[in-house]
There are 2 protein chains.
Amino acid sequence: MRDNIRAAAVQLFAEYGYHAAPLRDIARMAGIQAASIYYHYANKEALLVEIMETHMRHLNANLERILREQHDPLKRLYEAIANHIRLHTSYKSEFFIIDTEIRALEGENRRYILSLRDHYESLLQELLQDGMEQGTFRLSDIKVTSYAIIAMCTEVSTWFRPSGRLSVQQVIDMYSQMITQGLLSLSPGAQSLEESERT
Amino acid sequence: MRDNIRAAAVQLFAEYGYHAAPLRDIARMAGIQAASIYYHYANKEALLVEIMETHMRHLNANLERILREQHDPLKRLYEAIANHIRLHTSYKSEFFIIDTEIRALEGENRRYILSLRDHYESLLQELLQDGMEQGTFRLSDIKVTSYAIIAMCTEVSTWFRPSGRLSVQQVIDMYSQMITQGLLSLSPGAQSLEESERT
DNA sequence: GTCTATATGAAGATAGAC
DNA sequence: GTCTATCTTCATATAGAC
């Protein structure tokens, strides 16, 4: 029943938002009365925290494993992107909640979830830092680059449909190429903004 | 007073979320009673719609002007990125609301705001399509590429601080470089994933 | 573990005076 | 244009029976 409640909460939090999803609706979807939820969870916020914690820890554990097992910067980056997109498409609703409801948390809960997110960012930044030191990656602002990568890969959870046109693997490959090689069709420097002004 | 109310709403919607921001607090911040808001706005949702509409139209109008006045794909893309980031840093809270509270809208209001967002996406997709046909941009999935660009540039509104380390112009240049050239330090093809496995 | 019944508070919105 | 007073509804949460 605990799992039923959590599954119902995931669905309703994602669809209407945390504050707009009444406990009564979560209970009805789980097949019990609202009061019965309090036997399983201390309050509504505990439900939200558990959803967020579970999947943030999952995301972090995977990236830690990748950094431990893999040392080539390019392969590390590919695996990091793949991990991020695989989880954000497998647990669409859960990550959408993580992405939009952190401000619904208060005090200690908020600090805890933010610390998990900060840890994820620092792991990715470590990956980028190492890749720049090894000369694989262009020198760039590490924080900003990490935010950009996370933002674009996270947003996949808002539009991806399992039954849609693209497979998860195709999306991973597209994002990996976009992040490493960019949009330009020519080699870097062959056509800069200044040069193109002459054409 | 209408402007005072809207300004208060922007601040509280952005900080606590639409549903968690009581009209009474918005009224207090504007220096009036809650009931007085109804002289200026039909209801709470009308306030949200006006905030979203104003800035989405602004964003769209700018991009339409860029496409009209500029025809080089690379310059168009740079201007599109600059427009997006300038507005998302100048009106941080407003765009953060647009980004997170669309699901708080109902029926016609929701459809209307989504149509403005769809229009923006289609303008960017037109830019990308043209750039690929001209050979300036690598061939890639246009929808996915547009989502990725929008996502990374939009998220700037969540971390950018006017008093922070980076100027708006620096952020624009970083994102522009990231989007056009990617992360790799070598020319495309010079170091593929397969080749790097040999090192 | 789940129920019914209920406490308690706060939300959005309206009526009508000034 | 703004106020006070209030309607109505609905929220989270608790108490105690079964």
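Excluded from the calculations below are hydrogen atoms, water molecules and symmetry mates; all remaining heavy atoms, backbone and side chain alike, are included. We name chains A, B, ... by the order of the sequence lines, and we start the count at 1 in each one. Just so it is clear, the structure is predicted and the values come from calculations on it, not from any experiment.
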Closest to side chain of B:I32, choosing from D:dT2, C:dT14, C:dT2: D:dT2

Contact residues, residues 4-26 of chain B to DNA chain C [heavy atom, < 4.0 Å]: B:A21, B:P22, B:L23, B:R24

Can you sort out which residues in residues 40-52 of chain A have a heavy atom within less than 4.0 Å of DNA chain C? Ascending by number, please. A:H40

Mind checking if B:A34 touches a base, just sugar-phosphate, or nothing, with heavy atoms under 4.0 Å? nothing

Considering all heavy atoms of both residues, which atom of B:E101 and which atom of B:L48 are nearest to each other, and what is their separation? O-CD2, 4.1 Å

Is it true that a side-chain atom of [X] and a backbone atom of [Y] form a donor plus acceptor pair closer than 3.5 Å?
| X | Y | result |
| --- | --- | --- |
| B:Q134 | B:P73 | no |
| B:S176 | B:I172 | no |
| B:S185 | A:G135 | yes |
| A:R138 | B:M178 | no |
| B:T154 | B:A151 | no |

For the aromatic rings, using the six-membered ring if either is Trp, is the centroid distance between B:H84 and B:Y120 under 6.0 Å? yes

Using atom [atom1] of [X] as one end and atom [atom2] of [N] as the other, report the distance to the nearest whole Å.
| X | N | atom1 | atom2 | value |
| --- | --- | --- | --- | --- |
| A:Y39 | D:dA17 | OH | P | 18 Å |
| A:Y38 | D:dA11 | OH | C1' | 9 Å |
| B:R28 | D:dC3 | CZ | C1' | 16 Å |
| B:R2 | D:dT2 | CZ | P | 12 Å |
| A:I37 | D:dA13 | CD1 | P | 10 Å |
| B:Q33 | D:dT2 | CD | C1' | 9 Å |

Presence of A:S36 side-chain N/O under 4.0 Å of C:dG1 phosphate oxygens OP1/OP2: no

Determine the interplanar angle of the B:Y91 and B:H55 rings, folded into 0 to 90°, and report it as parallel if under 30°, tilted if 30 to 60°, perpendicular if over 60°. tilted

Assess whether a salt bridge exists between A:R76 and A:E79, defined as any Lys/Arg side-chain N lying under 4.0 Å from an Asp/Glu carboxylate O. no

